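A quick note: this is a predicted structure, and the numbers were derived from the prediction, not measured.
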Number of protein chains: 2
Amino acid sequence: MVVGELSEADADSIFHALADATRRDIIARVIRKEESVSALAQHYPMSFAAVQKHVAVLERASLIAKRRRGREQIVHPDMAALRRAARLLDAYEEVWRHRVARIEQILAEDQEGKAEL
Amino acid sequence: MVVGELSEADADSIFHALADATRRDIIARVIRKEESVSALAQHYPMSFAAVQKHVAVLERASLIAKRRRGREQIVHPDMAALRRAARLLDAYEEVWRHRVARIEQILAEDQEGKAEL
DNA sequence: CTAACGTACAACCACATGGTTGTAGGAGAA
DNA sequence: TTCTCCTACAACCATGTGGTTGTACGTTAG
């Protein structure tokens, strides 16, 4: 099931990157305000290195990017990638909505296997 | 970042379940047409037990459910859960879209740190 | 009843993940 | 320069993941 302009591997890495509360929070945080890796690290009850790894996972999924500012690495969202990801999510939702629509249609027309589901 | 009516743990399991091409394909497949676990297994180059595990992951995330029909277990999408998941995805998209809107606003008004991003 | 089918589950393996600590290097600050 | 801060990265550990095979059990078909 290839959806939109993202490969299956892209989808894999995006969903995997999103499958962790800390990483979702990092995304939300840098969307609100760009922060350095160490500034980000201070918000979480784990080591700097651990946060660094989470950032790397998000970076591999192209959901965020880093920009150097002096000795700091400023983490910021990758807007283009985020839009692509959003459209990927949209596409799945679309399939589901259509199916929901189709089911209502089927329930209205078809007579076998009704009731349950 | 709590979004909608799903807990962080719910989001974890949903995104994790979606982070595998085989599992995404299973969802797409049962949305199109309900199938037994062994029928599903025949579509993939792996053992029945492996597919069974993928189904279990999707089931834990409440994206699908099973219904017994004779000696078969029919896998079908859990529409309510799929809608909740879609809304969760929507919510993330919303945050991103708003941020995108805000950025255009900022670029139009603000004058420091323009150019990049 | 018996045989075949669909499922469930346990044991096992290789590998990735999420965390730790420690070491090292580059850039600013003093 | 020298010290300090931020970052990068390696090594290590425990646990989880995705796959395998094998065994057991309920259900349907002959």
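Atoms CD1 and CG, from A:Ile31 and A:Leu63 in turn, are 9.0 Å apart once rounded to the nearest 0.5 Å.
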Heavy-atom protein contacts under 4.0 Å, nucleotides 14-20 of chain C, coded B base, S sugar-phosphate only, - none: ---SBBB
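If you take CD of A:Glu72 and C1' of C:dA29, they are 13 Å apart, rounded to a whole angstrom. Across the protein-nucleic acid pair, A:Gln52 atom CD and D:dT7 atom P stand 8 Å apart, rounded to whole Å. Atom CG of A:Asp12 and atom C1' of D:dG18 are 13 Å apart (whole Å). Rounded to an integer number of Å, the gap from CD of A:Gln73 to C1' of C:dG25 is 14 Å.
Between A:Leu18 and A:Arg23, the closest side-chain pair of non-hydrogen atoms is not below 4.5 Å. At least one side-chain heavy atom of A:Arg67 sits less than 4.5 Å from a side-chain heavy atom of A:His76.
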Scan nucleotides 25-30 of chain D against the protein and return all N/O pairs shorter than 3.5 Å with their distances rounded to 0.1 Å.
residue	atom	partner	partner atom	Å
D:dT28	O2	B:Arg71	NH1	3.3

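In this view, A:Ser13 and A:Ala61 satisfy the side chain to side chain contact (heavy atoms under 4.5 Å, CB included) rule, not counting sequence neighbours. For B:Gln73, there are no side chain to side chain donor-acceptor pair (under 3.5 Å) partners at least two apart in sequence or on another chain. By the side chain to side chain donor-acceptor pair (under 3.5 Å) test, B:Asp12 is found to be paired with A:Arg24, residues two or more places apart in sequence or in another chain being considered.
The two residues B:Asp20 and B:Thr22 have their closest heavy-atom pair at OD1-N, 2.8 Å.
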Donor-acceptor contacts, no H, no angles, side chain residues 37-48 of chain A, under 3.5 Å, sequence neighbours left out:
residue	atom	partner	partner atom	Å
A:Ser38	OG	A:Ser36	OG	3.4
A:His43	ND1	A:Arg29	NH1	3.4
A:His43	NE2	A:Arg29	NH1	3.4
A:His43	NE2	A:Glu35	OE1	2.8
A:Tyr44	OH	A:Asp25	OD2	2.5
A:Tyr44	OH	A:Ile26	N	3.4
A:Tyr44	OH	A:Arg29	NE	3.2
A:Ser47	OG	A:Ala50	N	3.1

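For the OP1/OP2 pair of D:dT7 and a distance below 4.0 Å, the side-chain nitrogens and oxygens of A:Lys66 include no atom meeting the criterion.
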